[in-house]
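Report on the following structure.
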Amino acid sequence: MDRTFVMVKPDGVARGLTAHIVSRFEEKGFKLAAAKLMQLDRMVAEEHYDHLRSKVFFDELVDFITSGPVFAMVLEGKDAVKNARSLIGATNPSDALPGTIRGDYAIDVASNIVHGSDSEDNAEREISLYFH
Ligand code: IDP
Ligand code: MG
């Protein structure tokens, strides 16, 4: 079965939307294969966002993702990476369509409520980073 890594970011957890977001994925047809509430340390956060190290917002991004607990998940389903990304919506909530999670619950790119792996290789890399 295909699988992907999804994480409710600190803004989603703080707003009490964790269970609601999990439900959105379950309603879509995903199976929850693993999950945990956790606090990221800077090393894990920097490794997770390694591809964005050169960006001006990198420090702000690491500050944000380590600012409070996140809810990390492994989701299983057909074309898991692609189906999860389409349910999550565009990176910038201003571009995310209503009906997507970011379109419905976020307004700012810096706190866009949920993360989803962008490729099968990254899904496996992120699953090993969070669940080992
Ligand atoms: P993705 O989360 O849709 O895959 P990425 O390009 O991988 O998008 O960026 C990772 C995260 O970095 C985004 O989800 C967003 O929270 C944050 N981010 C992207 N662009 C900006 C920006 O211009 N300012 C602040 N944060 C940003
Ligand atoms: Mg990404």
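Whatever order the structure lists them in is the order used to number ligands and atoms, beginning at 1.
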* **Side-chain cluster (under 4.5 Å, hydrophobic types only) that L97 belongs to, other residues** => none
* Asked: Under 3.5 Å, is there a donor-acceptor pair between the side chain of K9 and the main chain of F64?
  -> no
* Less than 4.0 Å between a side-chain N and a carboxylate O, is that true for K55 and E60? -> no
* Would you say R102's side chain and I113's backbone share a donor-acceptor pair under 3.5 angstrom? -> no
* Asked: Excluding sequence neighbours, so at least two apart, what forms salt bridge (Lys or Arg N to Asp or Glu O under 4.0 Å) with D41?
  -> none
* How would you list, by chain and number, the residues with a heavy atom under 4.0 angstrom from ligand 1? -> K9, Y49, H51, L52, F57, L61, R85, T91, R102, V109, A110, N112
Would you list the atom pairs, donor with acceptor, under 3.5 Å between side chains in residues 87-96 and any protein atom, with sequence neighbours excluded?
from: N92; atom 1: OD1; to: S94; atom 2: N; distance (Å): 3.0
from: N92; atom 1: OD1; to: S94; atom 2: OG; distance (Å): 3.2

